[in-house]
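This report refers to the structure that appears directly beneath it.
The first residue of the sequence shown is numbered 1, and numbering continues consecutively from there.
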Amino acid sequence: MLTSLKRQFVLISVLLLLGCSNEQSATLAIINGKIVTMNPSQPEAEALAVSDNTILAVGSIQEIETYIGTQTKIIDLDGKLAIPGLIEGHGHFLSIGEAKMILDLSQTQSWESIVAMVDSAVTVSDPGEWITGRGWHQEKWDSIPPNTVEGVPTHHSLSAVSPDNPVFLRHASGHAAFANQSAMNAAGISPETPNPPGGELIRDLRGELTGLLRETAENYVEAALEKSRESMSEEELDQEHRMMAHLAAQEALSHGITSFHDAGVGFSTVDFYKQLADEGNLPVRLYVMVRENSASLSEKLASYRFIGFGDHHLTVRSIKRSIDGALGSHGAWLLEPYTDMPSSRGLETVSVEEIKATAEIAKSLDFQFNIHAIGDQANRAVLDIYESFYSQTDQDLRWRIEHAQHLHPDDLPRFGSLGVIASIQGIHATSDAPWVYRRLGEKRAQSGAYRWQTLWQTGALVNNGTDAPVESIDPIANFHATVTRMLADSSLFYPEERLSRLQALQSYTINNAYAAFEEDIKGSLETGKLADITVLSKDILTIDEDEIISTEILYTIVGGNVLYQKEH
């Protein structure tokens, strides 16, 4: 019996001897595997051929062998699974790179371990140098220290180890942050500083600042941090941004991601992306949402529309705004008070009037509008705004609600009836589940939280992502969460709302393409589409559930070029 390696050698040798009998030979051929195309007219195939950056043909080995010439690169799948290139449906591209250049707090299990990490960073930092980090989440700690305020420690132990260094530590969600005394001093905030619109400076019973900054209150310290960087040269800033982009691209490619929906950047970042794409230094295809206020959008947005720039590596045709915060930081805007904080219904971080003004700009310039909404009040407010605009136009708007995490049952059918896209993150449900009950209570959690299958069945288009770096960009973990809703303790979080495996793959491929107006060029493996392909070590559509999580990325192919290959 021939070994796998020998079979591969024999098969490739035979194909090369046969030679190309078509007028156009392939630059790449993928053969001898299971290819799930996401094309309803041809759901599966054995092989495909690529010419330069597009798919030349999809079919049987016998059909594809006619395109193989002496210059054709051949990948023998040896029975492995190839799928359309995975599309990250909602993430923060440069933040992924930045997270690798600062303190990674995502695995910390206590406040004490965070203080210890900062203490270590102080020993290798100059006085006055900022120390930054991201990823802490108080709900994931093993224990909470005494004398907390709203379940979060005060800054005192952190300030004690870093008296001469401003420290700024972002919550995993990005919707809260922690500052030490030095950082608050640099920002010029004191107990007398008023809460900004859409944010809160958390205080203890005596009115003293705890160091916790919720939502727009983060801007005080962020402004001070940016001011400290004014001494950096343009070359230094450019190199820093290039390193972020490089690290983010490598992280995406190593996880099988070929396209990425970047959920909210300013005009200067779009300029940077355009430069990278122009240079050929943007290996992952970006679909970018512009995040600016209405005044800035009115002034500049019309000149920032790019469709398929840099050989389809940069598209800018959408706007991102946020109307509330995150559930974990008590910032999500709710119809009724939080179960574990009855004094609060969360925050309307941007006024409904400002959101409506942005919607007018989006409609007039034919830009997609994508709004972050997590709480049921926030989602209802956004659906009301969208409905008023949908009723006035025949445009193919495809406006999205980013996250759509907690919905009032009455609002569930509105997504499908209006045509509003529900942009979910499967991994959020299993990551958040242990504390969702505390925030919402069991009744509200069951009736409205993470209702993906119900949304799907009522006709909504559901697309999927990870919100990286809030969660790992890992699509396998996200796929597993989406189809199992299994928690770390093996319990299931309202499993009736999980998606089927084919639905989950659809949400990560063709649905994400549709959600970016790109279904004609990506999201499925069809002749004429971009040759973006992800190859997996296991068939995630058929293997046992407990095997899914161990599936590995073998190849990431963008435009017919192998940009990641797992080392053997």
Side-chain angles (χ1 to χ4, degrees), residues 87-92 95-96 99 106 134-140 170-176 255 257 261 263-264 320 322 324-334 346 370-376 378-379 400-407 412 415 421-440 444-446 448-456 460 462-489 491-499 503-504 507-508 511-512 515 549:
I87 302 172
E88 167 58 56
H90 178 112
H92 304 277
S95 293
I96 294 172
S106 62
R134 178 170 182 161
W136 64 272
H137 199 308
Q138 74 280 14
E139 297 290 352
K140 298 182 180 181
R170 289 182 177 87
H171 190 269
S173 67
H175 289 270
H255 283 95
I257 304 298
H261 295 191
K320 164 78 180 299
S322 296
D324 73 342
L327 199 61
S329 57
H330 293 96
W333 188 20
L334 304 181
N370 307 327
I371 303 179
H372 163 119
I374 287 182
D376 51 3
N379 277 277
R400 297 163 44 163
I401 293 184
E402 305 299 315
H403 309 305
Q405 280 185 10
H406 176 49
L407 309 170
L412 284 161
F415 285 80
I421 295 169
S423 181
I424 72 156
Q425 296 75 46
I427 195 72
H428 278 338
T430 55
S431 179
D432 298 354
W435 48 262
V436 165
Y437 303 103
R438 293 196 288 275
R439 295 289 187 274
L440 301 176
R444 281 191 294 177
Q446 183 173 16
Y450 312 87
R451 297 290 302 276
W452 315 324
Q453 188 61 247
T454 298
L455 284 166
W456 197 295
V462 176
N463 70 301
N464 209 338
T466 62
D467 203 9
V470 175
E471 304 282 356
S472 167
I473 197 175
D474 183 1
I476 301 302
N478 196 38
F479 182 90
H480 182 264
T482 302
V483 302
T484 67
R485 292 176 66 117
M486 181 181 293
L487 310 190
D489 63 2
S491 64
L492 302 180
F493 182 62
Y494 302 122
E496 64 274 12
E497 291 296 335
R498 58 193 167 193
L499 298 185
Q503 285 175 327
S507 74
Y508 237 120
N511 283 14
N512 273 338
I549 205 69

H261 vs E88, side chain to side chain contact (heavy atoms under 4.5 Å, CB included): CA-CA, chis, key distance, verdict: CA-CA 6 Å; H261 295 191; E88 167 58 56; 6.0 Å; no
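- Under the side chain to side chain donor-acceptor pair (under 3.5 Å) criterion, S322 pairs with R291, not counting sequence neighbours.
- Atom-to-atom distance recorded for H175:NE2 and L327:CG is 11.0 Å, nearest 0.5 angstrom.
- Shown here are the ring-ring contact (aromatic ring centres under 6.0 Å, His included) partners of H171, two or more places apart in sequence or in another chain: W136, H137.
- For the salt bridge (charged side-chain N to carboxylate O under 4.0 Å, His left out) test, no residue two or more places apart in sequence or in another chain qualifies with E471.
- Annotation: the span from S329 atom OG to R439 atom CZ amounts to 8.0 Å, rounded to 0.5 Å.
- In this model, a donor atom of one side chain and an acceptor atom of the other lie less than 3.5 Å apart for K140 and S431.
- Remark: N463 pairs with S423, N512 by the side chain to side chain donor-acceptor pair (under 3.5 Å) rule, at least two apart or across chains.
- Partners of P434 under the side-chain contact (heavy atoms from CB on, under 4.5 Å) rule, at least two apart in sequence or in another chain, do not exist in this structure.
- Pairing each heavy atom of I374 with each of A326, the nearest pair is CD1-CA, 3.9 Å.
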Criterion side chain to side chain contact (heavy atoms under 4.5 Å, CB included) on D432 and Y450, from CA distance to verdict: CA-CA 10 Å; D432 298 354; Y450 312 87; 2.8 Å; yes
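- Counting all heavy atoms, side chain and backbone alike, G426 lies closest to A481 at O-CB, 3.9 Å.
- Between I421 and A515 the shortest heavy-atom distance is CD1-CA, 3.8 Å.
- To the nearest 0.5 Å, atom CD1 of residue I96 and atom CD1 of residue I473 are 4.0 Å apart.
- Counting heavy atoms from C-beta outward, I401 and F415 have side chains that approach closer than 4.5 Å.
- Counting heavy atoms from C-beta on, the side chains of V470 and H428 come closer than 4.5 Å.
- T466 is not listed as a side-chain neighbour of Q425, based on a closest heavy-atom distance of 4.5 Å or more.
- Panel note: side chain D324, backbone G375; a donor-acceptor pair is recorded below 3.5 Å.
- Remark: H90 pairs with H92, H403 by the ring-ring contact (aromatic ring centres under 6.0 Å, His included) rule, at least two apart or across chains.
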Could you walk me through whether E402 and N370 pass the side chain to side chain contact (heavy atoms under 4.5 Å, CB included) test, one step at a time? CA-CA 6 Å; E402 305 299 315; N370 307 327; 3.4 Å; yes
Between R400 and H372, is the side chain to side chain donor-acceptor pair (under 3.5 Å) condition met? List the steps. CA-CA 9 Å; R400 297 163 44 163; H372 163 119; over 6 Å; no
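- When the side chain to side chain donor-acceptor pair (under 3.5 Å) test is applied to N464, the partners found at least two apart in sequence or on another chain are N478, T482, S507.
- Contact check for I87 versus Y508: no side-chain heavy atoms found under the 4.5 Å cut-off.
- Counting only N and O atoms by type, the side chains of Q453 and Q503 include a donor and acceptor under 3.5 Å apart.
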Applying side chain to side chain contact (heavy atoms under 4.5 Å, CB included), run through D474 and F479 and close with a yes or a no. CA-CA 9 Å; D474 183 1; F479 182 90; over 6 Å; no
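- Across L334, L407, L440, a single residue satisfies side-chain contact (heavy atoms from CB on, under 4.5 Å) together with D376, and that is L334.
- Between the side chains of H406 and N379, not a single donor N or O lies within less than 3.5 Å of an accepting N or O.
- Of all the heavy atoms in A477 and I549, the pair that sits closest is CA-CD1, 3.6 Å.
- For L487, the side-chain contact (heavy atoms from CB on, under 4.5 Å) criterion is met by T430, A433, D489, S491, F493, not counting sequence neighbours.
- E497 is linked by a salt bridge (charged side-chain N to carboxylate O under 4.0 Å, His left out) to R451, counting only residues two or more places apart in sequence or in another chain.
- By the side chain to side chain donor-acceptor pair (under 3.5 Å) test, R134 pairs with no residue at all, sequence neighbours left out.
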Check against salt bridge (charged side-chain N to carboxylate O under 4.0 Å, His left out), E496 and R485: CA-CA 9 Å; E496 64 274 12; R485 292 176 66 117; over 6 Å; no
